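Before any comments, here is the structure.
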Amino acid sequence: MIRKYTFGNPFNTEAVVVKLDEEKTLLPFFEVREKKEFVLRLKDSDVVYGLGEQVRGINKRGWHYTNFNADNPHHHEDTRSLYGSHNFLIISGEETFGVFFDYPGRIEYDIGYKRRDTMVISADSSDMDIYIILPEEGKYKELSIVKQFRRLIGKSYVPPMWAFGFGQSRWGYKTEDDIRQVALEYEKADIPLDSIYMDIDYMDSYKDFTVDKSKFPDLKQLSSDMKDKGIHLVPIIDAGVKIEKGYDVYEEGVAENYFCKDKNGEDFIGAVWPGSVHFPDFLNPLARDWFGGKYKVLTDSGIDGFWNDMNEPAIFYTRDRLNDTLKEMEEVVSENMGIIEFFHFTGMIEDLKGNEGDYTKFYHNVDGKMICHNDVHNIYGMNMTRAANEALNKINPDKRTLFFSRSSYIGAHRFGGIWQGDNKSWWSHILLSMQQLPALNMAGFLFIGCDTGGFGCDTTEDMMMRWVQYSLFTPLFRNHSSDGTRLQELYRFSNVKNLGEMIKIRYSLIPYLYSEFLKAYKNDEMMFKPLSFEFTEDDLAKDIDDQLLLGDSVMIAPIYKQNAHGRYVYLPEPMMLIRMRSVDDFETVNLTKGVHYVKADLNELIFFIRDGKAIPVCKTCKSTSQINPGTIKLMGFKDATYEQYFDDGISSDLSRITVKTIGNNN
Ligand code: GLC
C-alpha cells in the first residue's frame, strides 16, 4: 500500500508515473518539526536500507548523508554526496516501511549520526511529496515494498544485449589508431570484447556532437570496421556546450534561448573541459528535444551507444567567482603572510571547482517561470539522459540504444543506466561498488556497474584480477581509467592469460545475467539483493554486507583484499561452491549452511549456486553477437530447472520477452 503526503507546493520531478491522491491524514512514523525536519526514532534492531549511490555499507545507519549531486572523484567514508540522489529508504525492523522523499533540491539524511537512535531528514524547503510504502502480507516485507515502489516510478531502462559484453575504455584514446590498436591487442590476446569507449578526445576542442577530423578522419568507416569485429564504439557526451562563434550547437542554443540564464537573463557561463560553456536547459522540453536531436550526428556514423557525463552539472569555475577570488588573494598574499592566511589562500583555489554557490546563479525556464537551478539541481542529469533517450527513440524507434549517465535522480532509471563515477584503484572501492548495487536496484537502476580496475590512481595486476572477478557479475562491465594513471587494458598485465579466462567466463554467464536482468525489469524486482531480503528470519544475514544474492540462483562473495587466498563466507542455506579457473577448468563443492573459509587463489573465481538451483551457461565466444543459445547447459544442482527470460536482445518492443523453463536435458 502506498500513501502520498504533500507538503507545501512541490516541484513536479516526474520521478513518479502513477497518479495518487494526496492523503489528508498526518504523515505516519515521522514527527514533523517546524524547521522542515522529519524525525524518526530508530530502535536498536532497525536496519536502514537504500539511498542508492552513497558511501558506507548496505545498512545506512551511523552517518550523515547529503543528496546534492556532486562531481566528486573522492569517494571516502566521510564523503557526503556523490553523483546521484536516490531519496528512497526502507526502515526494516519491528515495523517495516519504505519512504520516498520526492524533492529535487538538497536534502540531508542524518541516520543516527548526531544521535544513534534518531533519524532526521531535512531539506532546504519543505515543498515535497513524501510517499510511504507499507509491505503487503507475507514474509518478504522489503521485497514487497521495493516492488510497489518500482511500480510507482515506472519501468527500468533495458539496454541492447551487446551492452552485457565486456567494454574497454580509457581517458584518453586520442586517435583512430589508438582505437584500432585496442581492438587488435584484445584480438591478439584472444579476449572477448563488445565495446570500445571514446572519451572527450574524439571531439573537436571538446565540442559536443563534433568529431576531430585530424584524429578521426572517418568515424563512419571506423565504426563499421569495428562492427565487423563485433565491437561497438561508445562516445561520451558532456553537458556543457562550448561558447564558440560559428559552432552550430552554440549558435542555435543562443538563438532559441535553450541555455540556462543568469539573473539578468543572459546565458549563464561556466567553465568545464571545453573552457567557457553554456548549459542546455534540460528542464525545458523544447531544449531537450533540440539537444537530443543532435545525437543523430553520431548515430549517422553508425554509433549506437552513448555515455552522458559532467551532468550534475560539473562546473570547474565561473568567471565571476574567479575574479572575486583573485581579488581576495591579492589581499591575503603579503610579504608576511601567516600560516592561517596561507591555508585560507590554498583553500580559495580548491573552492573554485564544484563550488555549490554557482548553482544559485542560474535559472531554468519551466513553463515560462524562472526556477533557480539550486532548487532543482538533482534532476538536471536525469533530464539530459531523458533528452537523449527520447530523441533516440524517435531517430531509431525499433532498436534499443545503450545509454548510461553519471548524474541521476529516481526517474532517470527509465531512460538509461548509470556508472558509479570516478572511483579509485583502491581495494575498498570494489566493496563500495558492491554495496551500492542493491540500493541502486531499489531505486530502479538495473543497468549499473563501476569503472573496473579503478578510474583514478594506479591499479595493480592482482587488483585488476580481483576487480574483474567482481565486475564480471555486474550488467555494465567496463574497464575505464583516468588520463595519467597506469595503463590498465587487460593485455598490459603479465597475467593476461588468466584475466582473459575471466572475461570468457563472463561471456558464458551472459544467458544467466541477461535473463535475471530481464526478469528484474519485467517483474519490477531487484537483480542484486542483500541476503537479509530473502533470509528474513536470519539475524546473521542482516550483518552481511560483502555478499549479495544475484538473481534467483546465485550468491556472490567477491574477494576485495590484497594478497588474500580466500575469504570467509556466510551461507544462509546449503549452497554449491563453484571455483573456476576457466570455462572448462572448475570444481564444485557442496557446502552446508554456516560460515566457511573458502580458498580462492588469485586466478580463481568463486561464486555460489543456491540450494536446489541451477544457472544457464553457454559456450563462451568472442562477442555477444556470437552467443549461441543452442549451447546453453545448466550448471548447479542435479534435477534443478531454470526459468529463462530472453528476447532478441535489440528490439525496442519489450513485450517480446519470452520465458521458458529449461532442465538438465535441454
Ligand atoms: C569525468 C568522467 C570520466 C571521464 C573524464 C574525462 O571525470 O567521470 O569518466 O573519463 O571526465 O572525460
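Note that this is a predicted model, so its numbers are computed, not measured. As the structure lists them, so they are numbered: ligands from 1, and atoms in each ligand from 1.
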Legend entry - Derivation of the side-chain hydrogen bond (donor to acceptor under 3.5 Å, both in side chains) call for Gln54 and Asn67: CA-CA 9 Å; Gln54 261 296 1; Asn67 275 353; 3.1 Å; yes
Which ligand 1 atoms does [X] reach within 4.0 Å, using its non-hydrogen atoms?
X	value
Arg406	1 (C), 2 (C), 7 (O), 8 (O)
Ile236	12 (O)
Trp419	8 (O), 9 (O)

Inset, instruction - State, without any angle test, whether Asp546 and Tyr560 hold a side-chain donor-acceptor pair at a distance under 3.5 Å. - result: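 A pair is found: one side chain offers a donor N or O, the other an acceptor, under 3.5 Å apart.
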Legend entry - Arg406/Asp238 ion pair, N-O < 4.0 Å: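 Salt bridge flag = no for Asp238 with Arg406.
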Inset, instruction - State whether Arg170 and Glu489 are salt-bridged, where the test is any N-O pair (Lys NZ or Arg NE/NH1/NH2 against Asp/Glu carboxylate O) under 4.0 Å. - result: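 No, Arg170 and Glu489 are not salt-bridged.
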Inset, instruction - Before signing off on this row, confirm whether Arg478 and ligand 1 have an N or O atom pair separated by under 3.5 Å. - result: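 No; every N/O pair is 3.5 Å or more apart.
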Could you tell me the residue and atom name of the protein heavy atom closest to [atom], and the distance to it rounded to 0.1 Å?
atom	result
atom 5 (C) of ligand 1	Trp171 CE3, 3.9 Å
atom 11 (O) of ligand 1	Asp309 OD2, 3.2 Å
atom 9 (O) of ligand 1	His480 NE2, 3.0 Å
atom 7 (O) of ligand 1	Asp422 OD2, 2.7 Å
atom 6 (C) of ligand 1	Asp199 OD1, 3.3 Å

Pick one of side chain, backbone, both or neither for how [X] approaches ligand 1, counting any non-hydrogen atom pair under 4.0 Å.
X	value
Tyr206	neither
Asp71	neither
Trp307	side chain

Can you say whether the rings of [X] and [Y] are parallel (under 30°), tilted (30 to 60°) or perpendicular (over 60°)?
X	Y	value
Phe164	Tyr514	perpendicular
Phe216	Tyr202	perpendicular
Phe447	Phe517	perpendicular
His278	Tyr250	parallel

